[in-house]
Amino acid sequence: MAPTLSTALDLHFPIPQTHTKRRIFFTRRKRTIYCNSTKPPQNPPFTKTPSLSEQLRPLSTTTLPDKDQARLLSKPKSTWVNPTKPKRSVISLQRQTRSPYAHNPKVGELKLFAKKLSDCSEDAFLTVLDEIPLEPTLENALLILNSLKPWQKTHLFFTWLKTKNLFPMETIFYNVTMKSLRFGRQFELIEELANEMVSNEIPLDNITYSTIITCAKRCNLFDKAVEWFERMYRTGLMPDEVTYSAILDVYAKLGKVEEVVSLYERGVASGWRPDPIAFSVLAKMYGEAGDYDGIRYVLEEMKSLGVRPNLVVYNTLLEAMGKAGKPGLARSLFQELLDSGLTPNEKTLTSLAKIYGKARWAKDALELWEEMKSKKWPMDFILYNTLLTMCADIGLVEEAEHLFMDMKQSRHCRPDSWSYTAMLKIYGSGGNVSKAVEIFEEMSEVGVELNVMGATCLIQCLGKAGRIDELVRVFSVSVQQGIKPDDRLCGCLLSVVSRCENKADVDKVLACLQQANPRLVAFVNSIADEEYCLDNVKEEFKGIISDTKDDARRPFCNCLIDICRNKNLHERAHDLLYLGTLYGLYPGLHNKTANEWCMDVRSLSVGAAQTALEEWMGTLAKTVNREEALPELFSAQTGTGTHKFSQGLSNSFASHLKKLAAPFRQSEEKAGCFVATREDLVPWLRSRIPSPAVSVSV
DNA sequence: GTAGGGTTAG
């Protein structure tokens with residue numbers, strides 16, 4: 001049976017037992033990892049290999065001393081040992097050197113022939129090969145092998161060389177061939193060659209292993225990557241920093257943070273000074289986990305080891321800051337990048353534009369765009385589309401139109417479905433229906449396909465404008481084009497239903513929804529049914545919600561509440577708010593401190609917010625009735641709508657308060673915040689209690 | 001695409 005990594009490590013490289021500051025820091029990190037690992041890695045690739053930490057645990061927790069300690073114990077007279085001196089190494093500090101080859105004077109001729117081989121059909125390969133202009137000596141053959149593409153040709157040539165048996169095949173020939181195969185993601189062939197090397201006793205070196213490992217990684221064969229890393233240790237070959245960071249990246253992509261940190265720490269304890277590539281791997285991993293502490297750890301490590309980030313590291317860190325939800329820190333990091341004299345590239349600017357857009361930081365977004373133009377920083381297609389999306393997120397209509405025109409006039413960055421979707425979003429959420437429809441028509445004219453997101457934007461704005469027949473047409477065209485309505489689109493249709501003013505329109509929209517989500521339509525009907533009872537709908541509600549994507553669950557519930565309220569079925573609206581709360585759709589709705597009780601309705605629809613207000617007042621009335629303690633201050637937060645197009649909750653909430661004659665006043669310091677003092681609220685609550693009843697719903 | 005490692009879009 002193949003030994004595991006732990007045994008391989010045990011044989012050759014006992015785990016360093018460092019007790020330095022670094023070790024303490026790692027312990028701190030480990031703790032943070034446990035606390036912060038709320039986000040599991042997305043679609044973690046399956047691996048049958050036990051995790052490295054599982055394999056390491058028996059070693060790290062065992063009381064067995066390592067060899068150095070054993071030596072110390074047997075020689076009590078050795079009185080001093082340098083505690084900072086690295087213990088046995090897990091990494092070779094010397095990067096594998098490439099063997100120098102003499103310049104081949106026939107390089108031009110050979111490359112020309114290689115091109116001929118590359119360009120010919122596979123059937124003609126052997127015929128063309130017969131016309132080889134020079135003796136296929138080792139040097140000549142290597143040069144040709146190195147210049148061939150695609151991988152099929154490299155493989156054919158390599159096989160031919162072996163059958164000719166002109167000279168013994170050296171490691172470098174395998175390495176060159178494997179690299180070409182990696183471009184074609186031919187892991188099976190690479191593994192075949194590797195096994196052939198083993199049987200023919202051709203040594204595998206660090207270049208061989210790193211090529212195998214990275215190919216496995218690119219093919220998502222992570223267990224294979226780990227397997228070959230273990231095999232390397234078993235043969236007694238030390239990884240150099242290239243192989244080491246390749247395997248770090250494998251564990252990082254598996255989301256195995258602890259293993260990565262453990263390997264990293266052990267490498268450093270062996271005297272390794274990680275380079276920017278290793279830090280980029282760490283930064284990406286923490287970014288994917290949305291782990292801000294991890295990102296800080298990377299920054300601190302770089303600082304303490306005196307490693308200056310390069311552009312790739314900055315880009316990865318920026319992306320990571322965005323994923324960790326730290327736009328301000330991303331902005332400072334970007335400034336640091338500029339101060340260090342580096343010039344941002346397309347990836348840098350894409351990250352930043354995405355961050356500012358998501359954060360709705362209009363001022364910074366505009367400044368960024370101005371700076372991009374004035375400094376003539378590089379632009380590419382992805383950046384164009386990201387900037388457009390950023391404009392859509394923030395509501396920068398003119399800027400978006402400008403960019404869109406630029407794209408239309410450019411040669412290489414013609415608007416595609418992303419660009420058109422962003423434009424639909426801009427006009428759609430801005431309520432500019434005619435422009436949105438224009439974009440839709442233009443798409444079919446220029447042959448850009450609508451996608452589900454664009455369809456959703458368009459349907460949403462047509463719905464808001466009450467243009468139901470056009471909505472139905474867009475829906476039909478979308479479905480005909482093969483768009484599969486997703487939960488967001490269903491939520492959008494449901495919200496249109498909640499806004500429809502007449503039954504004919506409701507039926508038209510429900511007919512669309514019926515095609516996408518018949519279960520939801522049945523539920524809408526059941527909550528309006530005469531036979532309605534909470535117990536009956538509860539299970540079905542639970543079923544629907546659990547079958548719905550996370551980000552569409554609360555919108556579903558919001559719309560259902562709105563539908564009930566529009567039908568004057570207020571009690572049922574309260575039931576649905578209760579069910580939504582029960583299934584965790586409204587976390588953080590109520591917040592209490594000693595002095596203030598606060599209700600945060602920022603993620604609720606108008607009807608849901610009204611329902612929540614009534615529910616809250618009802619609960620407070622009961623509290624008053626029971627003469628229980630109340631805080632001095634009450635507040636309700638509607639927000640002002642971070643999006644300039646999405647204001648309205650605050651206004652409707654205000655008018656509902658007025659209708660109830662509730663003593664809440666718009667806060668002067670904080671927009672979108674309504675406050676009431678206990679002094680004012682309690683008498684009002686009392687006045688509304690037709691004792692002993694407690695309901696205050698209107 | 002210099003025998004091997006890291007970064008951009010709902």
Side-chain angles (χ1 to χ4, degrees), chain A residues 95-101 107 111 114 118 142-143 145-151 153-154 170-184 204-215 217-218 225 239-250 252-253 274-285 287-288 298 309-320 322 344-355 357-358 378-390 392-393 416-419 421-422 424-425 451-454 456-457 486 488 551:
Chain A
R95 188 192 284 216
Q96 184 184 322
T97 45
R98 303 179 189 196
S99 41
Y101 274 89
V107 61
K111 282 209 164 174
S118 296
L142 189 56
L143 212 150
L145 193 68
N146 233 324
S147 318
L148 282 174
K149 59 180 182 185
W151 63 268
K153 295 289 171 53
T154 320
E170 293 176 15
T171 304
I172 188 169
F173 280 83
Y174 281 91
N175 289 350
V176 170
T177 309
M178 282 185 185
K179 187 187 172 185
S180 180
L181 291 171
R182 193 183 59 176
F183 281 112
L204 286 76
D205 61 14
N206 258 286
I207 297 178
T208 323
Y209 280 111
S210 58
T211 311
I212 298 169
I213 289 167
T214 51
C215 180
K217 184 173 70 182
R218 283 176 205 184
D240 65 6
E241 67 171 338
V242 176
T243 316
Y244 208 71
S245 53
I247 202 69
L248 276 186
D249 195 39
V250 168
K253 296 231 156 27
D275 65 359
I277 294 181
F279 286 117
S280 170
V281 167
L282 293 182
K284 168 107 186 177
M285 172 183 76
E288 290 299 319
V298 174
N310 63 15
L311 190 57
V312 175
V313 174
Y314 271 120
N315 290 350
T316 317
L317 282 166
L318 277 173
E319 185 73 23
N345 65 10
E346 297 88 337
K347 293 183 172 94
T348 322
L349 301 166
T350 299
S351 291
L352 212 55
K354 206 169 78 178
I355 291 168
K358 270 192 188 161
M379 282 278 261
D380 68 3
F381 190 48
I382 294 179
L383 181 51
Y384 260 117
N385 276 340
T386 308
L387 286 169
L388 266 185
T389 308
M390 174 187 86
D393 282 337
D416 70 344
S417 114
W418 277 76
S419 334
T421 305
L424 284 173
K425 195 170 170 190
N451 60 24
V452 68
M453 221 178 295
T456 307
C457 292
D486 60 6
R488 283 197 198 199
D551 58 356

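Given the structure is predicted, the values throughout are model-derived calculations rather than measurements.
Across all strands, A/Val176 comes closer than 4.0 Å only to sugar-phosphate atoms, never to a base (heavy-atom distances). Nucleic acid contact class of A/Thr171 (heavy atoms, under 4.0 Å, all strands): none. The residue A/Ser351 sits apart from the nucleic acid: no heavy atom pair falls under 4.0 Å. The residue A/Thr421 sits close to a base: some heavy atom pair falls under 4.0 Å. Residue contacts for A/Thr208: at a heavy-atom cut-off of 4.0 Å it reaches no nucleic acid atom on any strand shown. In this structure, A/Thr214 reaches the sugar-phosphate backbone alone: every heavy-atom distance under 4.0 Å involves primed, P, OP1 or OP2 atoms, never a base. Among the heavy atoms of the strands lying under 4.0 Å from A/Arg182 are primed sugar atoms or P, OP1, OP2 only; no base atom is included. At the heavy-atom level, A/Asn310 lies under 4.0 Å from base atoms of the strands shown. In this structure, A/Asp275 reaches the bases: a heavy-atom distance under 4.0 Å links it to at least one base atom across the strands shown. A/Asp249 comes within contact range of the sugar-phosphate backbone alone, with a heavy-atom separation under 4.0 Å but no base atom that close. Contact annotation for A/Ser180: base contact, defined as any heavy-atom pair under 4.0 Å involving a base atom.
Closest approach of A/Ala246 and A/Lys217 over heavy atoms only: O-NZ, 4.0 Å. For A/Lys153 against A/Ser118, the heavy-atom pair with the smallest separation is NZ-O, 3.0 Å. Summarising the geometry of A/Ala252 relative to A/Val281, their closest heavy-atom pair is CB-CG1, 4.0 Å, with the distance given to 0.1 Å.
A salt bridge does not link A/Asp249 with A/Lys284: none of the charged nitrogens is closer than 4.0 Å to a carboxylate oxygen. Between A/Asp551 and A/Arg488, at least one side-chain nitrogen of the basic residue sits less than 4.0 Å from a carboxylate oxygen of the acidic one, meeting the salt-bridge criterion.
Of all nucleotides in DNA chain B having an atom under 4.0 Å from a heavy atom of chain A, the first and last in 5' to 3' order are B/dG1 to B/dG10.
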Side chain to side chain donor-acceptor pair (under 3.5 Å) between A/Asn345 and A/Asp380, worked out: CA-CA 9 Å; A/Asn345 65 10; A/Asp380 68 3; over 6 Å; no
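A/Ser419 OG to A/Phe381 CZ: the interatomic distance, rounded to the nearest 0.5 Å, is 5.0 Å.
Spacing between B/dT7 and B/dG1 at atom P, rounded to whole Å, works out to 15 Å. Only the P atoms considered, B/dT2 is 14 Å distant from B/dG6, to the nearest whole Å.
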